[in-house]
Trainee: 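Starting off with a structure, shown below.
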Amino acid sequence: MPSRTWAPPAPYDLARTLRVLRRGRGDPACRQEPDGSWWRCSRTPEGPVTLRITDRSDAVAGGLITGTAWGPGTGWALKQLPALLGADDELDAFRPRHRVVAAAHRKHRGLRLARTGLVMESLVPSVLEQRITTGSAHYAWRRLLNRYGEQPPGPAPDGMRIPPSTATWRMVPSWEWHRAGVDRSRAAAILRACSYAPRLEEAAAMELPEAMARLQLIPGIGPWTAAETLQRTLGAPDALTLGDLHLPKQIGYALTGARGGTDEQMLQLMEPYAGQRHRAARLILLGGRLPNRRAHRAPHSRIAHL
């Protein structure tokens, strides 16, 4: 089978780099196996592809990551492989400005920002995550892919699926969105995005400000969804998530020890990291200095029972 090998700079953490692309442990499109290998089922501009990524690093050869692909999208996926693994991520541009960030940066030096080059692949699950618990969003993603996703090419593990095409997303009936726990506004945002998918995919070749603006032309896609999408599509180090319920509080507590926090306060605190604010935020979350919850977790979405 066609394959490609990439030698990452040391240190390198394959699992930490790719984990952000997985929507929960049961994601039908992205899976980590017990042996450490990763499987991705994607819909590329050239067609569906199954990609297996393995870390063959050893003391003699050093770091070696191998990608093996099956399906019509093989050529595109293997050409994109180094970017997917973080080859375009300019880690040297980052300078920690706080002790908690510096400590996390030292501990997680192998983290790279993955770049998929695919917009709709990240946009749809990001819309599903709007205003609900992560667990509810992951359930919706699993249910919809298990019902409407395609059987992947090659020897993908059982249960994996290629995400639906935009034409298939547009054919999902209203009651199936409802059964997946997806309310009308989120379903409508996904359907509107599918109508303009070719124009949205152009954002994969844009700079971050232009890409953010392009995605937000679609009603129902705001700064939160655009940032969450482009963090993965572009591997954008400055795509800080705004409008999140928890992130301003987490960053505020980690950097100042104060509870509470707003987007405006978060932006002020992150100003020293201009150009690298998303990376800094990820390191803060990895640093572990986060406030204890003072309220009950939000209940899972139950609209399918209504």
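All values derive from a computational prediction rather than experimental measurement. Counting from 1, the numbers follow the sequence of the chain as shown.
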Trainee: Please report the shortest heavy-atom distance between R95 and Y273, naming the atom on each side.
Mentor: O-CE2, 3.5 Å
Trainee: Verify, without hydrogens or angle tests, whether Q231 (side chain) and A239 (backbone) share a donor-acceptor contact under 3.5 angstrom.
Mentor: yes
Trainee: Do you reckon W39 sits in the same ILVMFWY cluster as W141, going by side-chain contacts under 4.5 Å, direct or chained?
Mentor: no
Trainee: For residues S37 and Q32, is any side-chain donor paired with an opposing acceptor at under 3.5 Å?
Mentor: no
Trainee: Give the minimum heavy-atom separation between A104 and G287, together with the two atoms involved.
Mentor: CB-CA, 4.0 Å
Trainee: With a 4.5 Å limit on heavy-atom distance, are the side chains of P248 and T262 in contact?
Mentor: no
Trainee: Are any non-hydrogen side-chain atoms of R112 and P8 less than 4.5 angstrom apart?
Mentor: no
Trainee: Measure the shortest side-chain to side-chain distance between T50 and T68 over non-hydrogen atoms and say whether it is less than 4.5 angstrom.
Mentor: no
Trainee: Pairing donors with acceptors under 3.5 angstrom, does anything connect the side chains of T66 and T54?
Mentor: no
Trainee: Please name the pair of heavy atoms, one in W169 and one in P164, separated by the smallest distance, quoted to 0.1 Å.
Mentor: NE1-O, 3.3 Å
Trainee: Compare every heavy atom of A137 with every heavy atom of I132, then report the nearest pair and how far apart it is.
Mentor: CD1-N, 3.6 Å
Trainee: Which donor-acceptor pairs under 3.5 Å do side chains of residues 73-88 form with protein atoms, sequence neighbours excluded?
Mentor:
residue	atom	partner	partner atom	Å
T74	OG1	G71	N	3.3
T74	OG1	G71	O	2.7
Q80	NE2	R115	O	2.9
Q80	NE2	T116	O	3.4

Trainee: Is the shortest side-chain heavy-atom distance between S122 and E228 below 4.5 Å?
Mentor: no
Trainee: side-chain contact (heavy atoms from CB on, under 4.5 Å), that's the test. Do M266 and Q268 meet it? Break it down for me.
Mentor: CA-CA 5 Å; M266 178 177 68; Q268 291 179 357; over 6 Å; no
Trainee: Please report the C-alpha distance between S195 and R170 in whole Å, then the side-chain angles of each, then the deciding distance to 0.1 Å, and finally whether the side-chain contact (heavy atoms from CB on, under 4.5 Å) criterion is met.
Mentor: CA-CA 8 Å; S195 298; R170 295 171 69 180; 3.8 Å; yes
Trainee: How far apart are the C-alpha atoms of R161 and E150, what are their side-chain angles, what is the distance that settles it, and do they pass the salt bridge (Lys or Arg N to Asp or Glu O under 4.0 Å) test?
Mentor: CA-CA 5 Å; R161 294 290 183 270; E150 296 177 17; over 6 Å; no
Trainee: Does the side chain of C41 come within less than 4.5 Å of M160's, by heavy atoms?
Mentor: yes
Trainee: Can the ring centroids of Y253 and H246 be said to lie less than 6.0 angstrom from one another?
Mentor: no
Trainee: Any link between V172 and V124 through a network of hydrophobic side chains (Ile, Leu, Val, Met, Phe, Trp, Tyr) touching at under 4.5 Å?
Mentor: yes
Trainee: According to ring-ring contact (aromatic ring centres under 6.0 Å, His included), who are the partners of H138, at least two apart in sequence or on a separate chain?
Mentor: none
Trainee: Can you hop from I65 to V20 via hydrophobic side chains spaced under 4.5 Å?
Mentor: yes
Trainee: Working to the nearest 0.5 Å, report the span between CE of M171 and OG1 of T166.
Mentor: 11.5 Å
Trainee: Got I162 and S42 here, is their nearest side-chain heavy-atom distance under 4.5 Å?
Mentor: no
Trainee: Has E46 got more than 12 heavy atoms of other residues, nucleotides or ligands less than 6.0 Å from its CD?
Mentor: yes
Trainee: For D263 and G243, work out which heavy atoms get closest and say how close.
Mentor: OD2-N, 2.8 Å
Trainee: Once rounded to the nearest 0.5 Å, what's the spacing between atom OG of S126 and atom CZ of R186?
Mentor: 12.5 Å
Trainee: Check the hydrophobic clustering (I, L, V, M, F, W, Y; side-chain heavy atoms under 4.5 Å; chains of links allowed) and say if I284 and L286 are grouped together.
Mentor: yes
Trainee: Could you tell me which residues satisfy ring-ring contact (aromatic ring centres under 6.0 Å, His included) with W6, sequence neighbours excluded, listed by chain and number?
Mentor: Y12
Trainee: Would you compute the distance between atom CG of L113 and atom CG of D238 and round it to the nearest 0.5 angstrom?
Mentor: 11.0 Å
Trainee: Determine which pairs satisfy salt bridge (Lys or Arg N to Asp or Glu O under 4.0 Å) with at least one residue from residues 118-139, sequence neighbours left out, and list them in order.
Mentor: R23-E129, R40-E121, R131-D183
Trainee: With sequence neighbours left out, write down each residue that passes salt bridge (Lys or Arg N to Asp or Glu O under 4.0 Å) with R279, or none if nothing qualifies.
Mentor: D89
Trainee: Which heavy-atom pair separates L64 from A7 by the least distance, and what is that distance?
Mentor: CD2-CB, 4.2 Å
Trainee: Show the numbers, then the answer: is there a side-chain contact (heavy atoms from CB on, under 4.5 Å) between E176 and R143?
Mentor: CA-CA 9 Å; E176 289 294 349; R143 182 183 175 97; 4.0 Å; yes
Trainee: When rounded to the nearest 0.5 angstrom, what is the spacing between CH2 in W177 and CG in L128?
Mentor: 6.5 Å
Trainee: Please table the atom pairs, donor to acceptor, closer than 3.5 Å between any side-chain atom in residues 211-224 and protein atoms at least two apart or in another chain.
Mentor:
residue	atom	partner	partner atom	Å
R214	NH1	R199	O	2.7
R214	NH1	E202	OE1	2.8
Q216	NE2	M212	O	3.2
W224	NE1	D244	OD1	3.0

Trainee: Taking T233 for its side chain and A204 for its backbone only, find out whether a donor-acceptor pair lies under 3.5 Å.
Mentor: no
Trainee: Please round to the nearest 0.5 Å and tell me the distance separating atom CG of L267 and atom CG of L240.
Mentor: 6.0 Å
Trainee: Is the side chain of R109 donor-acceptor paired with the backbone N or O of H105 at a distance under 3.5 Å, no angle test?
Mentor: no
Trainee: Looking at side-chain heavy atoms only, is the closest gap between W70 and P155 below 4.5 Å?
Mentor: yes
Trainee: Would you find a donor on one side and an acceptor on the other, under 3.5 Å apart, between the side chain of E201 and the backbone of M120?
Mentor: yes
Trainee: Using side-chain heavy atoms (C-beta onward) and a distance below 4.5 Å, is K249 in contact with R259?
Mentor: no
Trainee: For W38 and D55, what are the C-alpha separation, side-chain angles and deciding distance, and is it a side-chain contact (heavy atoms from CB on, under 4.5 Å)?
Mentor: CA-CA 9 Å; W38 284 80; D55 186 348; over 6 Å; no
Trainee: Supply the atom-to-atom distance D13 CG to L111 CG, rounded to the nearest 0.5 angstrom.
Mentor: 7.5 Å
Trainee: Using the rule that Ile, Leu, Val, Met, Phe, Trp and Tyr join whenever any side-chain heavy atoms are under 4.5 Å apart, tell me whether V127 and Y139 fall into a single cluster.
Mentor: no
